[in-house]
Amino acid sequence: MTSRRAFLKAGFATLGGSVHTRSAWSAELLPGELPAGARASAQLYALPGKLPLIKKTFHPPNFETPTHYFDQLYTRNDAFFVRYHLSNIPQQSAASWRLQVAGEGIDKPYALSLDELKTQFEAVEFPALCLCSGNRRGLFQPHVPGVEWGPGAMGNARWKGARLREVLARAGVGKLALEVAFDGADSAPLAATPDFMKSLPIWKAMDENTLIAYEMNGAALPHWNGFPARIVVPGWTATYWIKHLNAINVLATPFENFWTKTAYRIPKNKFPLVERFASQESEANTPITEMVVNSLITNIEPGAQFKLGQMIEVRGIAWDGGYGVNVVETSADGGATWRAAQLEADAGRFSWRQWRAEVRAERIGAITLMARASNRIGATQTLELMHNPAGYHHNVVQRLTVSVI
Ligand SMILES: Nc1nc2c(c(=O)[nH]1)N[C@H]1C(S)=C(S)[C@@H](COP(=O)(O)O)O[C@H]1N2
Ligand SMILES: [Mo]
């Protein structure tokens, strides 16, 4: 059996980062609802170029962002979460990187350098939330297999890049085009593991907001977030946001890759989704697409103490799949009564929206703070978990217990 120390050293050697063994500190940063096992084994670890993040796995690297970094509109690049399926992640060079555009759905295959991508297409920039489908999977009861994420497998950033549809248009998209498949430079150490690739329906690939992004918050993409370029699909969960993008294939038939055809599926008709991926639907299930409406309290750690009679300022963020959050309500009595929170400025429909509320610490003992967001198409966060086998779309109203002394 590998000892914990040997394992940490192995992780350290491969990823070249540094371990932060202040376990008491990392435990505080985890939601109280995470099972004791997940809390005890969690630790902070800094990948090269990153601040200490909550380590989920070293191989492949999966690291989540501590909640306090979400107490601002944009998530810093060096605190942005990292999610990979495969552990061969070669460093890409800006000078030699090429993007291949090919497939039976286009007329003229071609390749682009990074310079060409930046200079030959209009650069557009807007904020969008990048959220892993499995964010909060670790809170599922009963448990489901997969990376046991807390609430930090997400981040809100300003993305700058070229519109995918312009890059496709140069290749001449024909009538046959049904889906557009994406491949990144990462691969599996074992040939038996399917390469991580995803496709989008052609209409979503041609949406004016779908980007090939090369900047994040005004800087080049960090290596761990897809340098030099990644797909950005605002409103849809991050599984489609392929990093280290190096090949685009326009397909005339449904993509057969495991990660599109089999993984990242949700039961049909269970979630209130509008945007569908029809060519990949089966009898039982459908690819996950849009994010569901959700929120998070960002300025208070579980177990925080307040004085009797004190006003408690509660701040947080709320988001959805791009319709726009229009109401956030908070409760300080475990959900018996709710009051509207104040929404901060709207940074765009794909960004999360900040909000704040004040509640009085009215009695001594434990009190449960809750936040519940709704959006412009009338969807609201659930009180009961919508169970599904892969542990996606966890948008149960958060219960954060603090104490009044
Ligand atoms: N090349 C590549 N791109 C990828 C993945 C991957 O494993 N390889 N994972 C996807 C998933 S499931 C998520 S949640 C996001 C995570 O983006 P981040 O690591 O920049 O936070 O990347 C997506 N793009
Ligand atoms: Mo993900």
Side-chain angles (χ1 to χ4, degrees), residues 15 47 49-51 53-57 59-66 69-70 74-92 97 99 128-138 144 146-159 161 181-189 193-200 210-217 219-234 236-248 257-260 262-266 287-289 291 390-394:
L15 300 174
L47 291 166
K50 290 280 183 184
L51 293 166
L53 302 179
I54 302 165
K55 185 229 48 168
K56 308 309 284 190
T57 62
H59 303 291
N62 284 303
F63 293 84
E64 87 173 79
T65 304
Y69 289 113
F70 300 143
Y74 299 118
T75 313
R76 350 174 5 145
N77 290 5
D78 55 8
F80 211 89
F81 83 109
V82 175
R83 199 275 182 263
Y84 282 95
H85 295 75
L86 312 172
S87 43
N88 279 349
I89 308 161
Q91 294 273 347
Q92 301 294 289
W97 178 85
L99 175 61
L129 170 62
C130 175
L131 176 131
C132 179
S133 317
N135 194 31
R136 304 188 188 174
R137 182 186 289 120
V144 292
V147 180
E148 301 292 321
W149 296 111
M154 62 173 185
N156 195 42
R158 295 183 314 277
W159 305 95
F182 308 98
D183 193 9
D186 47 334
S187 63
T193 311
D195 194 9
F196 186 76
M197 294 193 258
K198 294 293 294 184
S199 67
L200 284 172
T210 302
L211 303 184
I212 304 173
Y214 42 76
E215 270 187 28
M216 176 178 172
N217 293 325
L221 300 181
H223 166 68
W224 303 107
N225 302 105
F227 184 85
R230 77 180 302 171
I231 294 291
V232 166
V233 191
W236 285 29
T237 68
T239 181
Y240 298 99
W241 298 37
I242 293 290
K243 302 188 279 188
H244 317 289
L245 178 72
N246 57 15
I248 298 178
N257 175 275
F258 168 83
W259 301 102
T260 298
T262 309
Y264 285 99
R265 297 261 159 176
I266 51 172
I288 191 167
T289 55
M291 294 179 271
Y392 297 145
H393 283 331
H394 185 296

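The figures that follow rest on heavy atoms only: side chains count, while hydrogens, waters and symmetry mates do not. Position 1 is the first residue of the sequence; numbering continues from there. Just follow the structure's listing: the first ligand is 1, and inside any ligand the first atom is 1.
Residue V82 has at least one heavy-atom neighbour below 4.0 Å for each of these atoms of ligand 1: 19 (O). Taking a cut-off of under 4.0 Å to the non-hydrogen atoms of C132, the atoms of ligand 1 that pass are 14 (S). Proximity to N225 (heavy-atom distance under 4.0 Å) selects the following atoms of ligand 1: 18 (P), 19 (O), 20 (O), 21 (O). For ligand 1, the atoms lying closer than 4.0 Å to a non-hydrogen atom of W224 are 19 (O). Within ligand 1, the atoms closer than 4.0 Å to a non-hydrogen atom of D186 are 1 (N), 2 (C), 6 (C), 7 (O), 8 (N), numbered from 1 in the order shown. Against a heavy-atom cut-off of under 4.0 Å, Y264 is close to the following atoms of ligand 1: 12 (S).
One N or O on the side chain of T75 and one on the backbone of N156 form a donor-acceptor pair closer than 3.5 Å. No donor-acceptor pair closer than 3.5 Å links the side chain of W149 to the backbone N or O of E64. With K56 contributing its side chain and E148 its backbone, the two residues share a donor-acceptor pair below 3.5 Å. At least one donor-acceptor pair closer than 3.5 Å links the side chain of N225 to the backbone N or O of F81. Checking side-chain atoms of R83 against main-chain N and O of P61 turns up no donor-acceptor pair under 3.5 Å.
Using a 4.5 Å heavy-atom cutoff, the side chains of I231 and I212 are in contact.
At the shortest separation from atom 15 (C) of ligand 1 among protein heavy atoms lies A238 O, 3.6 Å. Counting only heavy atoms of the protein, atom 19 (O) of ligand 1 lies nearest to K243 NZ, 2.5 Å. The single protein non-hydrogen atom nearest to atom 21 (O) of ligand 1 is F81 O, 2.7 Å, given as residue, atom name and distance. Protein heavy atom in closest approach to atom 22 (O) of ligand 1: R230 NH2, 3.3 Å. Looking only at heavy atoms of the protein, atom 7 (O) of ligand 1 is closest to H85 ND1, 2.8 Å.
Aromatic ring pairs are classed by plane angle as parallel below 30°, tilted from 30° to 60° and perpendicular above 60°; the pair Y84 and H244 is parallel. Below 30°, between 30° and 60°, or above 60°: for H85 and F196 the angle between ring planes is below 30°, a parallel geometry. Using a 30° and 60° split on the angle between ring planes, Y392 and Y264 fall in the parallel class, below 30°.
Distances from atom 5 (C) of ligand 1 to the heavy atoms of F63, Y84, F196 put F196 nearest.
Residue contacts with ligand 1: R83 is placed with a nitrogen or oxygen under 3.5 Å of a nitrogen or oxygen of the ligand (distance criterion only). In terms of N/O distances under 3.5 Å, ligand 1 is approached by W241.
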